[in-house]
Amino acid sequence: MTFDDFKFDESLMEGLYSMGYKTPTPIQKEAIPVIQEHKDLIACAQTGTGKTAAYLLPIIDHILRSEKRHLNCLIIAPTRELVLQIDQQIDGMGYFCSVGSIAIYGGNDGITWEKQRHALEEGVDIVCATPGRLIALLQSGKINFEHLQHLVLDEADRMMDMGFIDDLKVIINYLPKKRQTIMFSATMPPKIRELAKHISNDPVQVNIAISKPAAGIIQQAYVVHENQKEPLIKEILKNEDYQSVIIFSSTKEKVKDLEKMLRKADGSVKAFHSDLEQNEREEIMRDFKGKRLRVLIGTDILSRGIDVEGISLVVNYDAPPDPEDYIHRIGRTARASKAGVAITFINQRDQVKFFNIEALMGIEVQKMPLPVELGPGPEYNPEKARMDARNQKGKGGGKPFKGKPRFQKKK
Ligand code: AMP
């Protein structure tokens, strides 16, 4: 399944790709179709599963398709930090479309508050708020939910633990009865099911666990310019502790080029790809398993299903497309509770992709210093890389200034 299957608006797809999202995560695969069918949803998914995009994408898409723009969606989250994170994701995904959001939380100064109030009067599509501040706004009559279509409760269990249940009940009384209710919760204790029963209508239930790499794997990454990859791999392979090595690259062509390049330095290297005859592939695998072949190079096809013991090193010569592939690839090492090393090369273009992989796994991979003779590499700054990629798209437009009314239709 790819994001194309959801048939999102083109401008939203642009935002999504500029965020570095290539393939939907499991929670996105399950939740997006349910939300698109306007059914209520109760999803058990933790931070790090891609849950925020799982509800934001179909809601933003729905907003973009609406004839008339009103305040369409209310997202309630327990903390100011989470509210800000959600608002940032709306900014990122909605960068190429005119969807307007506002983050409302307690504890900010009078000027911010005045700005928020003004933006609300002018019109936004999505309000993202903590319960306490939202109640204050509702009671002051400054916010009109008459046309609301989607209610999202994010981290519902945490809101309950923080004692927000009564506030939530008050807020929900202000909302139209006919709406879509979406609840995300990291855990699903009985009190959450009870709440769901009261505020939603025959919800579809979805449960997702996060994939995590095996514990014995030492994960490292080098932040490189593309032209530093070649000398770096040669340098790494000089380490004789790495007796059995798999190198992953992104395409068949690159796999073949790498084979040629590495063969000059070390004879015991073979590429594994679909242009080989069946018997050639079997022979390569036999040699690799029997430790007569030291280095095997392949694409992601190689990461699924090969079961070879004692692989000491996996190198991602090109960063993998998504966390699932990353976990499959590095899972080739450290099998049967032996330690193994997994090294990823991150060029500037892949920084955003790798940052998302780290975020989804909830792990920060150690960034290694480059050997001095290779010269300095780029700095690891995924946010800057994301902005550079956007600027290169040459749209020149992007999302209007935050705080302005955003009800204008796309041109
Ligand atoms: P969340 O679980 O919503 O907190 O998301 C965790 C991280 O994963 C965030 O940094 C998201 O930007 C990122 N993310 C969400 N969906 C995807 C996707 N389909 N591909 C790659 N990264 C994603």
Side-chain angles (χ1 to χ4, degrees), residues 1-6 8 12-33 35-36 41 43-61 75-95 101 103 126 128 152-158 182-187 206-213 300 316 318-329 344 346 349-365 380-387 389-390:
M1 184 181 259
T2 70
F3 280 114
D4 290 335
D5 297 321
F6 301 126
F8 289 140
L12 177 58
M13 288 297 278
E14 276 192 69
L16 201 150
Y17 285 122
S18 80
M19 297 276 289
Y21 299 2
K22 295 268 171 356
T23 34
T25 64
I27 185 70
Q28 291 161 4
K29 285 182 196 157
E30 299 235 10
I32 291 173
I35 299 174
Q36 284 184 319
L41 172 73
C44 187
Q46 291 122 340
T47 297
T49 50
K51 66 176 170 69
T52 318
Y55 61 81
L56 285 181
L57 288 168
I59 290 175
I60 294 176
D61 185 56
I75 301 166
I76 311 178
T79 60
R80 161 205 170 115
E81 289 68 34
L82 186 59
V83 160
L84 283 168
Q85 267 173 41
I86 298 167
D87 194 48
Q88 272 163 12
Q89 287 213 34
I90 302 173
D91 263 359
M93 287 168 203
Y95 190 81
S101 65
I126 304 175
C128 191
V152 181
L153 302 188
D154 200 342
E155 298 200 357
D157 49 351
R158 229 167 125 201
I182 298 164
M183 267 176 72
F184 275 80
S185 193
T187 56
V206 169
N207 276 306
I208 294 294
I210 320 181
S211 309
K212 291 261 186 233
D300 278 307
N316 294 314
D318 302 306
D322 58 52
E324 288 304 312
D325 283 308
Y326 180 78
I327 288 163
H328 274 291
R329 285 185 184 187
T344 303
I346 313 164
R349 215 195 42 221
D350 289 337
Q351 286 199 13
V352 179
K353 200 157 71 179
F354 196 73
F355 172 79
N356 287 335
I357 290 173
E358 288 181 309
L360 285 166
M361 292 190 305
I363 298 169
E364 199 178 320
V365 175
Y380 187 56
N381 187 342
E383 190 49 41
K384 182 172 175 296
R386 175 178 294 166
M387 291 321 290
R390 275 185 181 159

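We count ligands from 1, going down the list as the structure has it; atoms in each ligand are counted the same way.
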Undergrad: Quick check for you: to the nearest 0.5 Å, what is the distance between E364 atom CD and Y380 atom OH?
TA: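 So the gap between those two atoms works out to 7.5 Å.
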Undergrad: Check ligand 1 for N or O atoms under 3.5 Å from a protein N or O and list each pair with its distance.
TA:
from, atom 1, to, atom 2, distance (Å)
ligand 1, 2 (O), G48, N, 2.7
ligand 1, 2 (O), T49, N, 3.0
ligand 1, 2 (O), G50, N, 2.8
ligand 1, 2 (O), K51, N, 3.3
ligand 1, 3 (O), K51, N, 3.3
ligand 1, 3 (O), T52, N, 3.0
ligand 1, 3 (O), T52, OG1, 2.6
ligand 1, 12 (O), Y21, OH, 2.6
ligand 1, 16 (N), Q28, NE2, 2.8
ligand 1, 19 (N), T23, O, 2.9
ligand 1, 19 (N), Q28, OE1, 3.0

Undergrad: Please determine, by modelled atom types, if E155 and T79 share a side-chain donor-acceptor pair under 3.5 angstrom.
TA: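 The criterion, which ignores hydrogens and geometry beyond distance, is not satisfied for T79 and E155.
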Undergrad: So that I can tick it off, tell me whether K51 and D154 are bridged by a salt bridge, with the cut-off set at under 4.0 angstrom between side-chain N and carboxylate O.
TA: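 Result for this pair is yes, salt bridge flagged.
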Undergrad: Give, for atom NZ of K353 and atom OH of Y326, the distance between the pair rounded to the nearest 0.5 Å.
TA: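 These two atoms lie 13.5 Å from each other.
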Undergrad: Let me confirm one number: the CG-OH distance from L57 to Y21, rounded to the nearest 0.5 Å.
TA: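 Separation between the atoms: 7.5 Å.
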Undergrad: Just verifying a value: how many Å separate D325 CG and K22 NZ, rounded to the nearest 0.5 Å?
TA: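 Going from CG on D325 over to NZ on K22, the span is 12.0 Å.
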